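Presented below is the structure to which this report refers.
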2 protein chains.
Amino acid sequence: MSEPLHFVVKTRLVEVIERLGEGGALPPERVLAKDFGVSRWTMRQAIRELIADGRLRARQGQGTFVATPKLVQPLALVSYTEALRAQGHTPAREVVKFEEIAADDVLAEQLAIASGDRVYELERVLFADGQPIGLETTYMSVQRFPTLREVLDPTGSLYRCLTGQLGVRFGEGEELVETVIATPREAELLKATQSLPMLLLHRNTRDADGHPIEVVRSLYRGDRVGFRATLRP
Amino acid sequence: MSEPLHFVVKTRLVEVIERLGEGGALPPERVLAKDFGVSRWTMRQAIRELIADGRLRARQGQGTFVATPKLVQPLALVSYTEALRAQGHTPAREVVKFEEIAADDVLAEQLAIASGDRVYELERVLFADGQPIGLETTYMSVQRFPTLREVLDPTGSLYRCLTGQLGVRFGEGEELVETVIATPREAELLKATQSLPMLLLHRNTRDADGHPIEVVRSLYRGDRVGFRATLRP
DNA sequence: AAGTGGTCTAGACCACTCC
DNA sequence: GAGTGGTCTAGACCACTTG
């Protein structure tokens with residue numbers, strides 16, 4: 001058994017996927033398993049990987065379907081709204097949480113404030129064409145931006161609000177990208193199946209004077225989104 | 001069952017991990033399953049996610065151990081060797097393949113050559129501190145770099161060879177990041193367990209005149225590596 | 001030879017969607 | 001209620017590492 005059975009199944013499923021085309025419905029797992037002569041577990045393992053790869057999409061109670069290609073988001077300091085519109089998609093945001101909390105040690109250091117200082121915690125689900133693709137959690141100092149709650153439309157662009165109404169000038173920032181497995185809560189907010197690999201972006205932005213503006217934790221569905229970075233020599 | 005059992009197990013395992021510390025050995029899966037009162041499948045599901053998250057590392061025939069933190073690689077046009085050394089790690093490369101092949105339509109377009117033209121295919125496993133962390137496949141036009149085989153030390157830095165010996169001046173490039181599941185072959189080359197989420201980087205670099213230099217497909221172990229990008233306003 | 005993680009089976013029940 | 005994907009069990013065998 002040099003190649004695991006579920007991988008052989010996966011390879012054969014790719015042919016089925018290509019024959020069906022975007023949006024096509026796969027036969028039920030139980031039927032596929034029987035047709036391929038494997039157990040349901042093995043079939044599900046193959047399907048699970050194809051879902052992670054962005055080739056399939058499963059909907060409980062409905063079936064499994066051939067997915068549309070992944071979105072590509074710029075890895076840059078631009079507005080989510082504008083970036084998505086530029087690619088012909090319809091952006092939307094939904095506020096999950098907008099609170100003030102006390103900064104823990106890590107957050108305080110990243111924002112250059114004292115531990116325990118008040119910070120905004122703004123959590124929003126990002127949509128593209130009506131589908132949830134990301135969960136963005138932003139932390140900002142209340143002391144530094146005392147009018148934020150009055151000025152910001154929480155379903156609108158934070159970037160636009162900061163540069164426009166609050167006169168913030170962005171300087172260099174830093175972004176970390178890694179893969180993680182979503183928690184059940186995160187998966188539910190993103191309407192994703194559990195145990196799906198996600199892309200976690202941890203962003204740290206500063207103004208032109210080098211003072212921290214915001215700390216952002218963005219979790220994107222790895223099956224639906226990719227990122228583009230422009231390299232400069 | 002609002003929270004799946006394997007997630008409850010995962011949460012409890014995190015406590016075990018923190019108590020053990022880096023390099024600590026977990027009890028065998030079968031023992032853990034019995035202790036937690038769950039089936040081995042459920043335990044493995046929890047462990048699988050912790051491996052994907054980079055918290056655990058499993059070695060067949062040996063056991064499961066608490067992992068060391070992920071490496072962070074710059075998402076920029078710099079030498080792999082230098083980037084790793086700058087972080088106090090020991091880089092190494094191992095050549096898997098160095099051949100000349102005929103370009104297919106997609107590759108030909110990316111390299112701005114004719115379909116069927118000869119291209120180098122250089123495949124190398126990247127190591128950090130003796131551990132395989134990535135698989136890099138580079139495609140370059142033979143016609144454009146006819147002396148590459150004589151000039152390049154395939155275990156050395158391609159970037160250095162191009163800028164140094166061949167006088168190439170890099171211009172703007174583009175990089176795409178997404179998550180994928182490794183194939184059995186890729187997993188084996190990276191000594192990773194199957195079905196592990198990987199970070200796939202697709203890089204397209206051009207010289208100062210905008211001509212394509214190379215197309216690179218880099219597959220990094222998602223459990224061991226993350227990436228850093230610097231954002232400019 | 002013993003013990004470990006890796007793969008796979010057969011079968012059960014749950015949660016959700018649609019009729 | 002019927003059918004779908006999602007979770008979980010108990011048990012088997014394989015592949016690998018170490019003594």
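In this text, all values refer to a predicted model and were calculated from it rather than measured experimentally. Labels below follow one simple rule: chain letters A, B, ... track the order of the sequence lines, proteins then strands, and each chain is numbered from 1.
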List the residues meeting side chain to side chain contact (heavy atoms under 4.5 Å, CB included) with [X], not counting sequence neighbours, and say none if there are none.
X      : answer
B/E18  : B/V14, B/R55
B/A128 : B/L71, B/Y80, B/L84, B/I133
B/D153 : B/T155
B/Q45  : A/R48, A/S195, B/H6, B/W41, B/R48, B/E49

Legend entry - Test salt bridge (charged side-chain N to carboxylate O under 4.0 Å, His left out) applied to A/E109 - qualifying residues, sequence neighbours left out: none
What are the atom names and distances for every N/O pair under 3.5 Å that joins the protein to nucleotides 17-19 of chain D?
from, atom 1, to, atom 2, distance (Å)
D/dT17, O3', B/Q62, NE2, 3.3
D/dT18, OP1, B/Q62, NE2, 3.2

[X] has an atom [atom1]; how far is it from atom [atom2] of [N], in whole Å?
X      : N      : atom1 : atom2 : value
B/K191 : C/dG6  : NZ    : C1'   : 17 Å
B/K10  : D/dC8  : NZ    : P     : 13 Å
B/L56  : C/dG6  : CG    : P     : 11 Å
A/K34  : D/dT4  : NZ    : P     : 13 Å
B/E188 : C/dT7  : CD    : P     : 12 Å
B/L5   : D/dT7  : CG    : P     : 11 Å
A/L196 : D/dT7  : CG    : P     : 11 Å
B/E29  : D/dA10 : CD    : P     : 16 Å

Side chain to side chain donor-acceptor pair (under 3.5 Å): pairs with one or both residues in [range], sequence neighbours excluded:
range                     : result
residues 29-39 of chain B : B/E29-B/R40, B/E29-B/R44, B/S39-B/T42
residues 59-77 of chain A : A/K70-B/E178
residues 84-96 of chain A : A/T81-A/R93, A/H89-A/D129

Inset, instruction - Between A/H6 and B/T64, name the one whose nearest nucleotide on DNA chain C is closer to the 5' end. - result: B/T64
Inset, instruction - Can you sort out which residues in residues 15-26 of chain B have a heavy atom within less than 4.0 Å of DNA chain C? Ascending by number, please. - result: none
Inset, instruction - Using a cut-off of strictly less than 4.0 Å between a heavy atom of the residue and any atom of DNA chain C, enumerate the qualifying residues of residues 38-53 of chain B by number. - result: B/R40, B/R44
Inset, instruction - With sequence neighbours left out, write down each residue that passes ring pair (Phe, Tyr, Trp, His ring centres under 6.0 Å) with A/Y159, or none if nothing qualifies. - result: A/F170
Inset, instruction - Indicate, with a heavy-atom threshold strictly under 4.0 Å, whether A/R30 touches base, sugar-phosphate, or nothing. - result: base
Legend entry - Side-chain donor-acceptor contact under 3.5 Å, B/E214 with B/T205: yes
Inset, instruction - Taking atom CD of B/E188 as the centre, report whether more than 12 heavy atoms of other residues, nucleotides or ligands fall under 6.0 Å from it. - result: no
